[in-house]
Amino acid sequence: MTVTLNAFNVVAARCAAEYLGMHETIEKGNLIYKIDVFLNSSIFHSWKDSIIVLQTTKSMLPLSEELKVVGLCIDAIATKACIDVSKVDWSYTYNRRKVPEENGNDLNCNGFRNRPVPKDWWVEDLCELEIDLYKRVIMNIKTKGILSHEVIGEALKAYSYRRLPGFSKGVIRSGDVIKYRSTVDAIVWLLPAEKGSVSCSFLLKLLKAAIIVDLGEMAQEQLVRRIGQQLEEASVNDLSIRAAEGEDVMYDVDTVQKIVKEFLMQDQNAEFESEDNEVQEIRRPGILTDASKLMVAKLIDAYLAEIAKDPNLPLSKFVDLAELVSCISRPSHDGLYRAIDMYLKEHPGISKSERKRICKLMDCKKLSVDACMHAVQNERLPLRVVVQVLFFEQVRATASSGSSTPDLPRGLKDLNIGSHGSSRSAATHPEEDWDAVATAEELKALKGEIAALRMSNGIGGSERNGGDSRNSVDKVAISKMKGLLKSKRIFSKIWSSKGAQGENSGSDSSGSLGSANPEEAKSTPARNRRHSVS
């Protein structure tokens with residue numbers, strides 16, 4: 001009777017021979033001996049046969065494990081994955097879809113065989129394994145210490161995309177949650193410790209999957225910590241983590257806050273406990289570059305604009321996240337302005353105090369010309385912010401033309417000091433008037449001032465060589481402020497204190513942002529009391 005052994009039946013034959021006791025002590029050259037020779041001389045030398053045999057061992061557990069067939073298969077596969085790529089027969093191992101360059105081209109066998117073998121040639125083939133066997137193979141590969149952590153990361157990425165339906169879109173489709181949970185858990189556990197072994201985008205997809213399958217706090221915290229270390233690589237789409245079912249909000253903003261905190265913690269000083277149980281602090285230079293900080297700040301600005309579209313998003317979550325990155329200096333606040341405007345648009349019913357609170361996040365001096373043009377015509381902004389934007393745009397225009405800042409009424413200067421000004425200013429100008437949304441009449445006057453600003457820039461450019469630019473810009477600037485004060489609601493409140501400007505021209509007026517003397521502004525106590533432009 002002739003029995004043909006192959007990769008599909010050899011494990012079953014070996015287990016049957018063991019059960020029947022077909023050892024050498026019974027008869028020389030018995031079946032167990034012949035099967036072991038076949039495994040060692042043929043099966044374990046073949047990459048694909050080793051994978052097939054390993055898959056068939058599952059149906060023969062626990063006997064296949066006791067006979068060490070599982071362990072031998074795993075070691076054979078791991079050893080072959082770690083060999084030098086120059087010894088790999090690419091045309092033999094390559095059984096997947098064609099690479100992009102080959103689409104539409106039928107390369108002959110020689111051209112295909114001569115193709116360079118990539119270091120991760122084996123990752124797709126191992127995706128055929130179930131997670132328990134896959135985990136043991138990857139552990140064996142990592143133990144050998146031959147392959148780089150980037151290759152290991154690529155293998156985990158390929159397995160995740162193959163085994164987790166919807167993973168590429170950051171979701172997990174309905175199915176066996178327990179099975180998916182074990183897969184996600186194993187992948188998180190197998191992640192190489194080295195930073196950059198996998199992309200931040202992949203880590204965020206893994207975090208989304210961990211949240212969906214309810215993996216556990218420890219695994220999620222590990223992912224949050226790793227994402228924070230390379231947050232500058234992420235995109236807004238990566239950060240858009242959907243809130244759990246049953247939540248009123250659309251996005252999981254709390255998790256993003258944790259990630260940003262992990263990013264910022266990289267610059268904090270390390271602490272250690274000395275022998276006498278005293279906590280001491282080690283000062284170390286920040287490991288975060290200015291470029292990475294700026295990238296994260298822009299990322300969060302864009303993320304804020306995205307979550308602002310959620311009508312149920314509480315103001316506190318928006319403000320808390322924005323304040324986390326307020327310590328990062330950035331040259332432009334256009335992205336933050338866009339996010340604030342989006343929030344105001346989607347939440348028209350917020351109170352004056354809430355409107356004031358969210359607008360405090362923005363520095364009007366850091367808005368571009370286009371953003372300023374939009375802001376002064378924005379019916380959603382408080383009057384205080386609209387006037388500030390117009391004022392700083394005028395300061396910028398006069399500075400670029402070499403002219404001095406026009407003398408402003410005392411009330412407008414006090415406005416720029418805001419709520420941190422003197423008690424006299426607060427009594428004269430009630431906060432609710434400035435924090436109210438500008439009326440259509442006021443915005444109409446401001447739109448006229450924008451036209452005047454554009455005209456002033458044109459006059460300055462055409463007459464700069466003629467020496468009359470300073471006078472022309474000054475005239476336009478004074479005209480602008482007078483036009484602004486035509487609004488009936490603020491006319492009396494600003495000019496009511498103008499008469500007191502001479503006798504009360506101390507620290508309040510000299511601390512105005514309209515001061516043209518930087519040394520004077522630097523030494524003014526009132527300026528030091530201001531925390532931010534509001």
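Every heavy atom of this structure was used, including side-chain atoms; hydrogens, water molecules and symmetry mates were not. Position 1 is the first residue of the sequence, and the numbers go up from there.
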Exercise. Does NZ in Lys80 sit with more than 12 non-hydrogen atoms of other residues, nucleotides or ligands closer than 6.0 Å?
Worked result: yes
Problem set entry | Note, Glu262 side chain near Val224 side chain (heavy atom, < 4.5 Å) | yes
Exercise. What are the two closest heavy atoms between Asp334 and Leu367, and how far apart are they?
Worked result: OD1-CA, 3.4 Å
Problem set entry | Over 12 foreign heavy atoms within 6.0 Å of NZ, Lys298 | no
Exercise. Would you call Asp341-Arg380 a salt bridge at under 4.0 Å N-O?
Worked result: yes
Exercise. Under 4.5 Å between any side-chain heavy atoms of Leu324 and Lys261, yes or no?
Worked result: yes
Exercise. Does NZ belonging to Lys142 count more than 12 external heavy atoms closer than 6.0 Å?
Worked result: yes
Exercise. When rounded to the nearest 0.5 angstrom, what distance separates CD1 in Ile350 from CZ in Arg355?
Worked result: 4.5 Å
Exercise. Can the ring centroids of Phe167 and Phe202 be said to lie less than 6.0 angstrom from one another?
Worked result: yes
Problem set entry | Residues Ile259, Leu207; criterion side-chain contact (heavy atoms from CB on, under 4.5 Å); working and verdict | CA-CA 11 Å; Ile259 293 173; Leu207 177 60; 4.1 Å; yes
Exercise. Just by distance, with hydrogens left out, do Ser182 and Asp185 show a side-chain donor and acceptor under 3.5 Å apart?
Worked result: no
Exercise. Should we say atom NZ of Lys135 is surrounded by more than 12 heavy atoms from elsewhere, each under 6.0 Å from it?
Worked result: yes
Exercise. CD1/Ile358 to OG/Ser353 distance, rounded to the nearest 0.5 angstrom?
Worked result: 12.0 Å
Exercise. Is it true that Lys144 and Asp75 have a side-chain N and a carboxylate O under 4.0 angstrom from each other?
Worked result: yes
Exercise. Strictly under 6.0 Å, is that where the ring centroids of His333 and Tyr337 end up?
Worked result: no
Exercise. Using 4.0 Å as the upper bound for N to carboxylate O, is an ion pair formed by Arg162 and Glu128?
Worked result: yes
For this session: Considering non-hydrogen atoms only, spot the tightest contact between Trp47 and Ile77 and give its length.
Result: CZ3-O, 3.4 Å
Exercise. In Å and rounded to the nearest 0.5 Å, what is the CG to CG distance from Leu204 to Leu231?
Worked result: 7.5 Å
Exercise. Should Ser292 and Phe263 count as side-chain neighbours, where that means a heavy-atom distance under 4.5 Å?
Worked result: yes
For this session: Any chance you could measure Arg226, atom CZ, to Leu203, atom CG, to the nearest 0.5 Å?
Result: 6.0 Å
For this session: May I have the step-by-step check of side-chain contact (heavy atoms from CB on, under 4.5 Å) for Lys356 and Lys360, ending in yes or no?
Result: CA-CA 6 Å; Lys356 177 181 178 182; Lys360 269 189 173 183; 3.9 Å; yes
Exercise. Are a donor atom and an acceptor atom from the side chains of Asp84 and Ser86 found within less than 3.5 Å of each other?
Worked result: yes
Exercise. Among Val117, Val85, Ile83, Leu147, whose side chain to side chain contact (heavy atoms under 4.5 Å, CB included) with Trp122 holds?
Worked result: Leu147
For this session: Determine whether Val253 and Tyr303 make a side-chain contact, defined as any pair of heavy atoms from C-beta on separated by less than 4.5 Å.
Result: yes
Exercise. Between Lys366 (side chain) and Arg330 (backbone), is there a donor-acceptor pair under 3.5 Å?
Worked result: yes
For this session: Carefully, step by step, assess Tyr251 and Val256 under the rule side-chain contact (heavy atoms from CB on, under 4.5 Å).
Result: CA-CA 9 Å; Tyr251 298 101; Val256 175; over 6 Å; no
Exercise. With the threshold set at 4.0 Å, does a side-chain nitrogen-carboxylate oxygen contact exist between Arg163 and Glu130?
Worked result: yes
For this session: Decide if atom CZ of Arg338 counts as having more than 12 heavy atoms of other residues, nucleotides or ligands within a radius under 6.0 Å.
Result: no
For this session: Decide side-chain contact (heavy atoms from CB on, under 4.5 Å) for Val385 and Met362; before the verdict, give the C-alpha distance in whole Å, the side-chain angles of both, and the deciding distance to 0.1 Å.
Result: CA-CA 9 Å; Val385 177; Met362 175 179 59; 3.9 Å; yes
For this session: Could you tell me whether the side chains of Ser201 and Lys205 share a donor-acceptor contact shorter than 3.5 Å?
Result: yes
Exercise. Counting only N and O atoms by type, is there a donor-acceptor contact under 3.5 Å from the side chain of Tyr134 to the main-chain atoms of Thr183?
Worked result: no
Exercise. Considering only heavy atoms from C-beta outward, does the side chain of Leu264 approach that of Ile328 to under 4.5 Å?
Worked result: yes
Exercise. Counting distance only, does the side-chain N/O of Glu150 pair as donor-acceptor with the main-chain N or O of Gly196 below 3.5 Å?
Worked result: no
